[in-house]
Structure formats: structure tokens, C-alpha cells
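Heavy-atom basis, side chains included; hydrogens, waters and symmetry copies ignored. Proteins come first, then strands; the chains are lettered A, B, ... in the order of their sequence lines, and each starts at number 1.
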Protein chains: 2
Amino acid sequence: MKVLVVDDEPQIRRALRTSLEAHGYEVAAVGTGEEGVLAAADHQPDLMLLDLGLPDIDGTEVIARVRAFSEVPVIVLSVRENQSDKVAALDAGADDYVTKPFAMEELLARLRAALRRSGPDEPTQPTLTFGDLEVDLARRLVTRSGEPLHLTPTEHQLLEVLVTHQGKLLTHQWLLRRVWGQGYGTETTYLRTYIRTLRKKLGDEAAAPALIVTEPGVGYRWIAEAEAEA
Amino acid sequence: MKVLVVDDEPQIRRALRTSLEAHGYEVAAVGTGEEGVLAAADHQPDLMLLDLGLPDIDGTEVIARVRAFSEVPVIVLSVRENQSDKVAALDAGADDYVTKPFAMEELLARLRAALRRSGPDEPTQPTLTFGDLEVDLARRLVTRSGEPLHLTPTEHQLLEVLVTHQGKLLTHQWLLRRVWGQGYGTETTYLRTYIRTLRKKLGDEAAAPALIVTEPGVGYRWIAEAEAEA
DNA sequence: AAGTGGCGTGAAGGATCCGTGAAGACGCGG
DNA sequence: CCGCGTCTTCACGGATCCTTCACGCCACTT
């Protein structure tokens with residue numbers, strides 16, 4: 001999760017950066033409103049922490065300019081207790097308003113709340129379609145002409161690796177490390193058996209492959225191209 | 001725009017009602033957490049104002065129960081300045097936290113901000129129907145061909161998690177963390193026993209499952225599709 | 001033309017996981 | 001203090017899955 005901090009006081013930038021990074025966030029920090037707007041466009045952060053008392057542009061102006069191209073959640077930080085400032089910032093498009101000095105605990109909680117709301121932006125692959133075959137990575141469900149297929153964990157993981165690297169040649173060693181773990185790399189018999197059951201369940205033949213091609217001595221390759229969603 | 005007010009003090013309910021109605025909102029007001037959860041299910045409000053100091057149920061519990069079936073924005077009103085209360089409420093699923101006494105102007109602005117970002121979300125039905133099985137998430141009531149079923153708290157929570165993620169494959173670890181808490185993740189025997197009693201009470205069989213499918217080595221999946229409401 | 005290595009098939013042993021039944025541990029209210 | 005409901009834990013038979021081996025087949029090398 002990327003967080004953009006916009007504040008003109010360096011010590012606050014540093015404090016926020018360390019606290020946020022300690023909680024696993026990726027942090028970018030700038031000191032002016034102008035830079036803030038540009039950074040919001042360039043970095044595509046998942047959340048924006050914005051100080052209202054910036055030297056160059058007014059805070060509400062920054063919000064408005066960001067809102068012109070992005071729906072990123074904005075939490076405003078400000079020393080001003082003034083009601084009209086809060087109202088103006090919120091109506092300009094801010095998502096929350098925290099007055100300095102603030103408790104880090106509370107800020108983190110409000111940050112989590114804001115991120116949770118914007119959650120459904122999961123750019124997860126919807127479902128990959130190859131002819132009558134459908135692979136739903138999110139639900140971990142594979143169907144063939146409508147009928148759900150039952151895949152064992154290893155089978156599914158192998159299929160997942162293949163379809164997410166379609167067209168690429170995947171070597172034996174790479175596949176083994178990826179599916180079985182770091183300690184593996186020479187057990188090509190594992191691959192043979194699982195590629196076989198996969199081909200069987202997916203309705204592919206080794207002699208005339210439409211999905212999985214074996215590259216002798218090297219590895220395997222998923223050749224089917226995903227069709228566009230309806 | 002419909003706003004649901006949950007507060008045990010009648011004068012605050014009245015004050016909020018008049019102020020909100022003066023600004024064009026449609027207002028429903030109740031005095032207990034229990035009524036609040038039911039009203040959130042029945043009225044399908046666009047926003048919820050919730051007092052934390054309710055006489056019957058704890059405020060965070062109200063939020064959690066509402067979050068089981070609805071994504072409606074919740075703004076918490078509270079006299080408690082305590083940081084841990086804020087954090088708990090926000091992490092339970094609240095969208096904002098305002099401490100009493102509050103300025104009406106600010107509350108209205110936060111309300112507008114919450115409504116603006118909630119956008120067009122489809123109202124999830126508070127009661128799900130699967131054949132002769134009905135699950136009322138708001139009332140925490142499960143009936144099978146009309147007969148009410150008695151579920152223990154853990155059983156109900158497990159069922160709730162399953163039906164609200166229908167079709168998805170839910171990992172052992174994910175389910176354990178979700179139902180039992182963060183500290184768990186390996187106790188698959190818990191899952192086995194509770195899945196068993198659930199299947200028994202819901203009338204499902206492990207051999208020929210119509211509701212809960214076990215994915216060996218991975219987790220469980222709720223396969224029944226919710227029918228449209230009458 | 002014979003040899004060799006890699007691949008596809010079939011099948012089987014063993015480890016792991018699941019469903020089932022039941023019993024002890026715990027908290028709560030009478 | 002005791003009974004009740006709920007949660008936790010254990011043991012075991014059976015199903016599932018992972019691993020492994022043996023055997024043809026083909027392509028390529030020698």
C-alpha cells in the first residue's frame with residue numbers, strides 16, 4: 001500500500017514516514033502542494049495525507065486539483081481547529097480530517113478505515129477464458145463447459161502458474177521451484193505426472209496439444225490465448 | 001437520502017432529526033443497538049449515525065453485526081475521547097468518528113463526505129435464501145423449512161463467513177483467523193468439528209454436499225447460490 | 001541400425017487429510 | 001454447589017493426495 005505524505009515540515013514528514021513504514025506501508029513524501037498534485041498523478045498512491053498549511057497552494061485547492069483526476073482517499077492533517085476549515089476541506093473532497101497534534105494510533109486507524117472503503121478496487125484478473133475452459137483465479141475455481149473441475153492443490157497451483165505466464169517458456173527447474181518450493185529442481189517426474197493429470201482434466205492431448213505444449217528437454221509452455229471477457 | 005440515527009438520549013435524537021430534516025434528509029431514529037441493527041436491515045439507510053454509549057449492546061458489536069450484511073457508511077458519535085475506543089470503532093468497520101459535543105456544521109460536512117464516497121453500492125440483502133434454508137444476517141436467525149435452527153455463536157459466525165463469501169474457496173487459515181481470531185491458523189480440528197455440526201444442522205452431507213464443499217488440503221467452499229427475494 | 005535420453009502412460013505404496021463419534025474442560029446461571 | 005450448554009481435544013477408519021517405480025514410445029545421436 002502506497003501512502004503519499006504532503007507536509008511542509010520536514011520533521012513531521014520524517015515522523016510519518018518512519019511510523020508508516022514500520023506498519024508496512026510504502027511512503028512517498030513531498031513538501032509543497034504543487035509537488036503533491038504531481039506526485040498523486042505520478043505515483044498513483046493508495047492514500048494521501050495532506051497538511052492544510054502549505055506554503056504555496058491552499059489545501060482545499062490541492063484536494064480539488066487531485067479530485068480532478070483521482071478518487072484516491074485523502075486524509076487532511078491540520079493545526080486549525082476552525083470549523084469552517086474542516087467543512088471546506090471535506091466538501092472539497094477530503095475523506096477525513098485530523099487535527100494536530102494527533103495520536104499516531106488514531107491516525108493509523110483512520111487510515112485503515114479509509115483504505116478499507118476504497119478496497120473494492122481490486123484489479124484482480126476477472127476470469128481467464130480459453131474456449132470452453134474458464135479459470136477463476138480469485139475464487140480458485142476452474143470450469144470446463146460449465147462443469148466445475150476438481151483440482152488438487154498442486155494441480156491448481158501448477159495451472160495457475162501456467163496461465164499467468166501464457167506464451168512463456170517455463171523451464172523444469174523454474175516450475176518445480178515455483179510450485180513445490182525452493183528445495184526442488186530436478187524432480188521432472190513430478191512435472192510429468194501432474195502435467196498429465198492436468199491435460200486429462202482440461203481435455204488436452206499430448207500428441208496434439210491445444211493448451212500445454214511440452215518443449216523437449218527444456219520445459220512446458222501454455223499456448224492458449226485468453227479471450228476477452230463478454 | 002435516508003439517515004438512521006441510533007442514540008439512547010431522546011433529546012439528541014430529536015435535535016439530530018430536526019437538523020437533518022432541515023437539510024433535506026429522511027430520518028429514522030431508534031434508541032437501542034438491537035433496534036439499530038434491525039432498522040439498518042429493514043430501512044436500508046444510506047448512512048448511519050451511531051452513538052457508542054448504548055444501553056444494550058456495545059457500539060463496536062453493533063458495527064460488526066451491521067457489517068455482516070451491509071456496507072452502509074457508519075459515523076460514530078461518542079463522548080469518549082479515548083484513543084482505544086476510536087481505534088476499536090474504526091477497525092470494527094466505522095467510517096468516521098466524531099466526539100460529542102460536536103458542531104452541527106462539521107457533522108453535516110462529514111456526513112456529506114461519507115455519502116459522496118459511498119457512491120452506488122448494491123444493497124446486499126439482509127436475509128439470504130438457499131432452497132429451504134434461510135439465513136437472516138441482521139436478526140442472527142437461521143431457519144430450515146420454516147423451523148428455526150439453534151446455532152451456537154461460533155457456528156453462526158462460521159456460517160456467516162461462508163454465506164457472505166459464496167463461491168469462494170476459503171482457506172483453513174483464513175477461516176480460523178476470521179472466526180477464532182488472529183492467534184489461530186493451524187487448528188484444523190476446530191474447523192472439522194464445526195463444519196460437521198453445521199452440515200448436520202443444515203441438512204447437508206459430506207459425501208454429497210449441496211451447501212459446503214470441502215477442498216482437501218486447502219479449505220472449504222459454500223457452493224449454494226442465494227435465490228432472489230420474493 | 002543400434003543406442004540413449006526424455007517423455008507419456010499406468011499403477012501402486014505410503015503419508016496426509018478428512019469425517020465421525022465421543023469425552024473432558026470451561027464458563028455461566030440457577 | 002451443581003447442572004447445562006458450549007468449546008476444545010483425542011482416537012480411529014476411510015478417503016484423498018503425493019510420491020515413486022516400471023514400461024513403451026519417439027526423436028535424436030552415434
>> Classify A:T188 by what it touches in the nucleic acid, base, sugar-phosphate, or nothing, heavy-atom distance under 4.0 Å.
In response: nothing
>> So that I know where these two stand, are A:Y220 and A:W174 an aromatic pair - ring centroids less than 6.0 Å apart?
In response: no
> Quick one: A:I195 CD1 to C:dG10 P, roughly how many Å, whole number?
Replying inline: 17 Å
> Can you tell me how far P of D:dC21 sits from OH of A:Y190, to the nearest Å?
Replying inline: 9 Å
>> Can you classify the ring geometry of B:Y194 versus B:W180 as parallel (below 30°), tilted (30 to 60°) or perpendicular (above 60°)?
In response: perpendicular
> Roughly, in whole Å, what's the span from CZ in A:R196 to P in D:dT20?
Replying inline: 16 Å
>> Is the phosphate of C:dT20 approached by B:R192 (side-chain N or O, under 4.0 Å from OP1 or OP2)?
In response: no
>> If I take atom NZ in residue A:K200 and atom P in nucleotide C:dT9, what distance separates them, rounded to the nearest angstrom?
In response: 8 Å
> Rounded to the Å, how far apart are B:L158 CG and D:dT8 P?
Replying inline: 12 Å
> To the nearest Å, how far apart are B:L198 CG and C:dT20 C1'?
Replying inline: 16 Å
> Are there more than 12 heavy atoms of other residues, nucleotides or ligands under 6.0 Å from atom CD of B:E9?
Replying inline: yes
> Does A:D46 pair with A:R112 as a salt bridge, N-O distance under 4.0 Å?
Replying inline: no
> For A:E215, what residues pass the side chain to side chain donor-acceptor pair (under 3.5 Å) criterion, not counting sequence neighbours?
Replying inline: A:R221
> Does B:Y220 make a side-chain N or O approach to OP1 or OP2 of C:dG19 shorter than 4.0 Å?
Replying inline: yes
> Can you say whether the rings of A:F130 and A:W222 are parallel (under 30°), tilted (30 to 60°) or perpendicular (over 60°)?
Replying inline: perpendicular
> Roughly, in whole Å, what's the span from CD in B:E187 to P in D:dC10?
Replying inline: 12 Å
>> If you compare every side-chain N and O of A:W180 against the phosphate oxygens of D:dT19 (OP1, OP2), does one of them come in below 4.0 Å?
In response: yes
>> Can you tell me which residue among A:K86, A:R110, A:R117 is in a salt bridge (charged side-chain N to carboxylate O under 4.0 Å, His left out) with B:D96?
In response: A:R110
> Do we see a donor-acceptor contact under 3.5 Å between the side chains of B:T32 and B:E35?
Replying inline: yes
> To the nearest angstrom, how far is B:Q157 atom CD from D:dC7 atom P?
Replying inline: 10 Å
>> Side chain of B:T193, heavy atoms from C-beta onward: which of D:dT9, C:dT9, C:dT20 has the nearest atom to it?
In response: D:dT9
>> Below 4.0 angstrom, which residues in residues 204-218 of chain B have at least one non-hydrogen atom near DNA chain C?
In response: B:A206, B:T214, B:G217
> Under 4.0 Å between a Lys/Arg side-chain N and an Asp/Glu carboxylate O for B:D51 and B:K100?
Replying inline: yes
> Quick one: is C:dC18 close enough that its OP1 or OP2 comes under 4.0 Å of any side-chain N or O from B:H172?
Replying inline: yes
Review item, nucleotides 4-6 of chain D N/O atoms under 3.5 Å of protein N/O:
from, atom 1, to, atom 2, distance (Å)
D:dT6, OP1, B:H150, NE2, 2.6

